[in-house]
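First up is the structure itself, then whatever we jot down about it.
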Amino acid sequence: HDALPIFLRSRISSRVCSSPIAGRTCWWASFRKSHAFSEAIAESRMNGSRGLRFPVLMESANNFIVLNIREYLANEDKRLGEDKLVQLLSEFSCPLNPDVERFLKKQAIDFAKKHQAVTYLVLSLEDAELLGYFSITIKPLVVKAEPFSNTAKRKLARFSEIDKNEQTYNLAAYLIAQLGKNFNDKVKGRITGQELLEAAIRQTQILQYQVGGMVAFVEAENKEKLLAFYENYGFKRFDTRQTVLGDAESHELVQLLKLI
């Protein structure tokens with residue numbers, strides 16, 4: 001099983017295996033070895049069974065790919081499946097934000113099964129290590145018109161219901177619900193927050209191309225450094241909401257949106 005089928009080799013090798021990283025082997029071989037992403041997937045496509053939803057390859061200069069966790073859950077091959085996915089997720093560590101770690105390890109799979117949200121894993125092209133993740137879902141959203149320019153208001157009006165009395169837009173939008181880097185010692189520092197957010201935005205743009213929509217939004221803690229991070233990527237504050245996690249006291253989340 002050392003060689004890929006020709007049709008996949010030609011598709012991947014020029015974008016992945018030939019990437020100029022000294023002393024490394026083909027990513028595909030490393031990925032199969034590390035996380036059991038075996039040739040059975042390629043075979044399923046060749047045989048026409050289910051059809052392979054091949055993972056989206058991000059820009060090779062970033063040296064990572066984005067993989068929908070449903071690639072594990074939806075495949076009947078015993079070398080993949082939920083057990084392998086749980087093993088992969090166990091490698092994630094985020095001591096700075098335990099909620100981000102808890103979601104990935106305890107809720108991401110269940111949310112994907114129930115179609116509540118889809119989690120995307122960001123994996124190294126060099127050795128298939130888990131660098132981070134993000135989750136996306138679709139949520140109804142009420143947006144106040146006041147903070148936005150006339151140009152933005154016209155764009156929002158194209159795909160939303162307008163409440164003229166309240167001066168609000170009612171629409172469905174892509175929520176980047178979770179965003180987290182892996183601080184495991186093996187991969188710490190190998191991806192930046194900027195690269196992770198760019199990957200999430202890129203994924204919303206792919207979804208937009210497939211099904212439509214024009215708005216992505218995030219909900220962030222009310223910390224200026226964090227809010228500035230999102231604003232640097234074109235997100236604009238538009239509202240706040242109160243949230244309660246478990247038995248903790250309620251705290252404020254700032255909502256920011258971006259036209260995609």
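One-based numbering along the sequence shown. Remember, predicted model here, so these are calculated numbers, not experimental data.
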**Request:** Report the C-alpha distance between Gln210 and Gln205 in whole Å, list the side-chain angles of each, state the deciding distance to 0.1 Å, and finish with yes or no for side-chain contact (heavy atoms from CB on, under 4.5 Å).
**Result:** CA-CA 9 Å; Gln210 294 171 337; Gln205 292 169 336; over 6 Å; no
Within a strict 4.5 Å, meaning less than it, do heavy atoms of the [X] and [Y] side chains meet?
{"X": "Thr168", "Y": "Val143", "answer": "no"}
{"X": "Val100", "Y": "Phe92", "answer": "yes"}
{"X": "Lys236", "Y": "Leu256", "answer": "no"}
{"X": "Val118", "Y": "Thr137", "answer": "no"}
{"X": "Gln116", "Y": "Gln107", "answer": "no"}

**Message:** Counting only heavy atoms from other residues, nucleotides and ligands, does the tally under 6.0 Å from CD of Gln242 exceed 12?
**Reply:**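 Correct, the count exceeds 12.
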Answer yes if [X] and [Y] sit in the same cluster of Ile, Leu, Val, Met, Phe, Trp and Tyr residues linked by side chain heavy atoms under 4.5 Å apart, and no otherwise.
{"X": "Leu226", "Y": "Phe134", "answer": "yes"}
{"X": "Leu67", "Y": "Val86", "answer": "yes"}
{"X": "Phe159", "Y": "Ile138", "answer": "no"}
{"X": "Tyr233", "Y": "Val122", "answer": "yes"}
{"X": "Tyr174", "Y": "Leu253", "answer": "no"}

**Request:** Please lay out, stage by stage, how Glu126 and Phe64 fare under the test side-chain contact (heavy atoms from CB on, under 4.5 Å).
**Result:** CA-CA 8 Å; Glu126 182 176 357; Phe64 60 79; over 6 Å; no
**Message:** Between Asp99 and Arg102, does any side-chain N to carboxylate O distance fall below 4.0 Å?
**Reply:**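 Yes, Asp99 and Arg102 are salt-bridged.
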**SB check Lys186 Glu129 (cutoff 4.0 Å)** =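 So Lys186 pairs with Glu129 through a salt bridge.
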Compare every heavy atom of [Y] with every heavy atom of [X], then report the nearest pair and how far apart it is.
{"X": "Phe238", "Y": "Leu141", "value": "CZ-CD1, 3.7 Å"}
{"X": "Lys181", "Y": "Leu196", "value": "N-CD2, 3.8 Å"}
{"X": "Ser93", "Y": "Asn182", "value": "N-OD1, 2.9 Å"}
{"X": "Gly193", "Y": "Phe229", "value": "O-CZ, 3.4 Å"}
{"X": "Asn170", "Y": "Val142", "value": "OD1-CG2, 3.2 Å"}
{"X": "Ala200", "Y": "Leu179", "value": "CB-CD1, 4.1 Å"}

Could you tell me whether the side chain of [X] and the main chain of [Y] form a donor-acceptor pair under 3.5 Å?
{"X": "Glu195", "Y": "Thr192", "answer": "yes"}
{"X": "Gln167", "Y": "Lys164", "answer": "yes"}
{"X": "Gln208", "Y": "Ile260", "answer": "yes"}
{"X": "Lys144", "Y": "Asp239", "answer": "no"}
{"X": "Asn184", "Y": "Val187", "answer": "no"}

For residues 213-222, which side-chain donor-acceptor pairs fall under 3.5 Å, sequence neighbours excluded?
{"residue": "Glu219", "atom": "OE1", "partner": "Arg241", "partner atom": "NE", "Å": "3.2"}
{"residue": "Glu219", "atom": "OE1", "partner": "Arg241", "partner atom": "NH2", "Å": "2.9"}
{"residue": "Glu219", "atom": "OE2", "partner": "Arg241", "partner atom": "NE", "Å": "2.7"}
{"residue": "Glu219", "atom": "OE2", "partner": "Gln255", "partner atom": "NE2", "Å": "2.8"}
{"residue": "Glu221", "atom": "OE1", "partner": "Lys223", "partner atom": "NZ", "Å": "3.2"}
{"residue": "Asn222", "atom": "ND2", "partner": "Glu252", "partner atom": "OE1", "Å": "2.9"}

First locate atom [atom1] of [X], then atom [atom2] of [Y], and finally report the distance between them rounded to the nearest 0.5 Å.
{"X": "Asp185", "Y": "Lys188", "atom1": "CG", "atom2": "NZ", "answer": "7.0 Å"}
{"X": "Tyr120", "Y": "Gln178", "atom1": "OH", "atom2": "CD", "answer": "14.5 Å"}
{"X": "Leu175", "Y": "Thr204", "atom1": "CG", "atom2": "OG1", "answer": "11.0 Å"}
{"X": "Ser149", "Y": "Leu156", "atom1": "OG", "atom2": "CG", "answer": "9.0 Å"}
{"X": "Ile162", "Y": "Leu171", "atom1": "CD1", "atom2": "CG", "answer": "10.5 Å"}
{"X": "Ser135", "Y": "Gln203", "atom1": "OG", "atom2": "CD", "answer": "11.5 Å"}

**Request:** Could you check Glu198 against Arg202 for salt bridge (charged side-chain N to carboxylate O under 4.0 Å, His left out), going step by step and ending with a plain yes or no?
**Result:** CA-CA 6 Å; Glu198 288 169 1; Arg202 170 72 180 276; over 6 Å; no
**Prompt:** Can you check salt bridge (charged side-chain N to carboxylate O under 4.0 Å, His left out) on Glu224 and Arg237, steps first, answer last?
**Reply:** CA-CA 12 Å; Glu224 282 303 316; Arg237 306 181 204 191; 3.0 Å; yes
**Asked** Passes ring pair (Phe, Tyr, Trp, His ring centres under 6.0 Å), Phe103 versus Phe111? Steps please.
**Response** CA-CA 9 Å; Phe103 175 84; Phe111 273 47; 5.3 Å; yes
**Request:** Check the pair Tyr133 / Leu123 against side-chain contact (heavy atoms from CB on, under 4.5 Å), numbers first and verdict last.
**Result:** CA-CA 9 Å; Tyr133 83 96; Leu123 303 169; over 6 Å; no
**Request:** Determine the interplanar angle of the Tyr230 and Phe235 rings, folded into 0 to 90°, and report it as parallel if under 30°, tilted if 30 to 60°, perpendicular if over 60°.
**Result:**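 It falls in the perpendicular class, over 60°.
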**Request:** For the pair Leu85 and Leu89, evaluate side-chain contact (heavy atoms from CB on, under 4.5 Å) and give the outcome as yes or no after the intermediate values.
**Result:** CA-CA 6 Å; Leu85 178 59; Leu89 302 187; 4.1 Å; yes
**Message:** Before you tell me yes or no, could you show the steps for Arg190 and Asp127 under salt bridge (charged side-chain N to carboxylate O under 4.0 Å, His left out), namely the whole-Å CA-CA distance, both residues' side-chain angles and the distance that decides it to 0.1 Å?
**Reply:** CA-CA 12 Å; Arg190 288 174 57 180; Asp127 52 17; 3.0 Å; yes
**Request:** Applying salt bridge (charged side-chain N to carboxylate O under 4.0 Å, His left out), run through Lys105 and Glu91 and close with a yes or a no.
**Result:** CA-CA 9 Å; Lys105 293 181 175 179; Glu91 300 173 6; over 6 Å; no
